[in-house]
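Here is the structure we will look at, set down as structure tokens.
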2 protein chains.
Amino acid sequence: MSTSATPRERLLDAAGELFYRDGVNIGVDALCKAAGVSKKSMYQLFRSKDELIAESLASRGPAYQTMLHPGAEDDRPPRERILTVFDRQDAMVAAGNYLGCPYVSTAVELKNPEHPGSVVARHFKQQLTDFFHRELVKAGAEDPAMLAVQLTMIFDGAAARAVVRAQPLGGIGATTAAALLDAAGVQAGELALS
Amino acid sequence: MSTSATPRERLLDAAGELFYRDGVNIGVDALCKAAGVSKKSMYQLFRSKDELIAESLASRGPAYQTMLHPGAEDDRPPRERILTVFDRQDAMVAAGNYLGCPYVSTAVELKNPEHPGSVVARHFKQQLTDFFHRELVKAGAEDPAMLAVQLTMIFDGAAARAVVRAQPLGGIGATTAAALLDAAGVQAGELALS
DNA sequence: TGTGCTGGAAACAGATCGGTTTCCATGAAG
DNA sequence: CTTCATGGAAACCGATCTGTTTCCAGCACA
């Protein structure tokens, strides 16, 4: 437990990790202990545990996206940029420390779709769909909106396979996404006709 | 709370519903109250709450499969029989009482893949894959094993969309499954060349 | 040296957790 | 009527839950 970061950052980090690994039902005591922060401080920084759940999900969004999405400097064609997301997910599954999409898992545990954490989860899923949509528009796909949703669905399906520990079938997410892109005519190297 | 069924049946029914609706963290007190059974009786019938979780999941398997899979009397070609699963899932989502696949959701909440409930979840997912596989073999698909896994993945992805309450896109599961079947050459009305 | 603020340690509160036990109403068998 | 097994109601256990409060060590600043 490094004391370098501020108590708020330490709490958000510990929350992001423990809520993901042990579920949102982990106690505040364990959380504060892991963060090296007293409960008093925690309740001064966050109104409630529910707010901490939402804030920790939101705070990890950018890092999570950087981990999944290819950067702007990656100038490969849209199809490759899209498949990169699935390749990176596959790599996390293969590494063995992937317990499903943190946003979907948290939404599953919270049940209530109006919970602030569920709202963040919905927002993040939309951002993934938006990324796919942008790439598909660049590729000149015929129905980018629907295809983007389909890709997001495959992403979450692959995550579910990891959760239930189904017999691993390496690269099944990327394979399926590629099949869908093929069917939609988004081919390797194809770019918009701009 | 009907007193007609045996205490065991009442418990399994209540558990199946409440664990699904409120999550496996609901207390045994609330559960027994809903089932009209005392805790004493519950702990005579089941060794622990964990065992009740697993048994309730297992007991609901057949009914859940009957709800999703087309029956043997449905003699339409494999492609239609496969798409029926997604159509029925879509119907449940549209009806508004669908909170995701009970087996995946429970596995997400339990975290531990060795938990008896997680084992049942894994088993059920395999059964869905097996159903797809049988139909794909009947249809003479080229790689039925992989395609069956892909379809299961789409099923779980569609379930995840329902959980996070993503903007509904009617029939997206069936549409995607159909696109995949098209790409694999499993066409409407096609049957095995037996 | 004295003052005031920050924040951790820990006790506390009231509720609930999984699980066990006691007690008693009921109803069938002799 | 007596006897005995069933099973519900509810108390009880120790642990843990979210959230609050008290107390005090440390430290910047005058």
| task | Determine: side-chain N/O of Ser38(A) to OP1/OP2 of dG8(C), distance under 4.0 Å, yes or no. | result | yes

| task | State whether Lys49(A) places a side-chain N or O below 4.0 Å from either non-bridging phosphate oxygen (OP1 or OP2) of dT18(D). | result | yes

Between [options], spot the one nearest the side chain of [X], thanks.
X	options	result
Lys40(B)	dA9(C), dT21(C), dT18(D)	dT21(C)
Tyr43(B)	dG8(D), dG8(C), dG18(C)	dG18(C)
Lys39(B)	dG19(D), dG18(C), dG8(D)	dG18(C)
Val37(B)	dG19(D), dG18(C), dG8(D)	dG8(D)

Just the rounded figure in Å: distance from [atom2] of [N] to [atom1] of [X].
X	N	atom1	atom2	result
Leu52(A)	dG19(D)	CG	P	10 Å
Asp22(B)	dC17(C)	CG	C1'	15 Å
Arg8(A)	dG8(C)	CZ	C1'	19 Å
Asp50(A)	dG19(D)	CG	C1'	12 Å
Ile26(A)	dA15(D)	CD1	C1'	16 Å
Lys33(B)	dA9(D)	NZ	P	10 Å
Met42(A)	dC17(D)	CE	P	13 Å
Phe46(B)	dG18(C)	CZ	P	15 Å

| said: I need the minimum non-hydrogen distance between Ala178(A) and Arg79(A), along with the two atoms involved. | reply: CB-NH2, 3.8 Å

| said: How close do Lys49(B) and Ile26(B) get, counting heavy atoms only, and between which atoms? | reply: NZ-O, 3.0 Å

| query | After noting the C-alpha distance and the side-chain angles of Arg81(B) and Arg134(B), does the key distance pass the side chain to side chain contact (heavy atoms under 4.5 Å, CB included) rule? | reply | CA-CA 11 Å; Arg81(B) 285 170 56 82; Arg134(B) 283 194 301 273; over 6 Å; no

| query | Just checking Leu31(A): base, sugar-phosphate only, or nothing, at a heavy-atom cut-off of under 4.0 Å? | reply | nothing

| query | Using 4.0 Å as the upper bound for N to carboxylate O, is an ion pair formed by Lys39(A) and Asp29(A)? | reply | yes

| query | So which one's nearest nucleotide on DNA chain C is more toward 5', Ala30(B) or Asp29(A)? | reply | Asp29(A)

| Phe155(B) ring center near Phe132(B) ring center (under 6.0 Å) | no

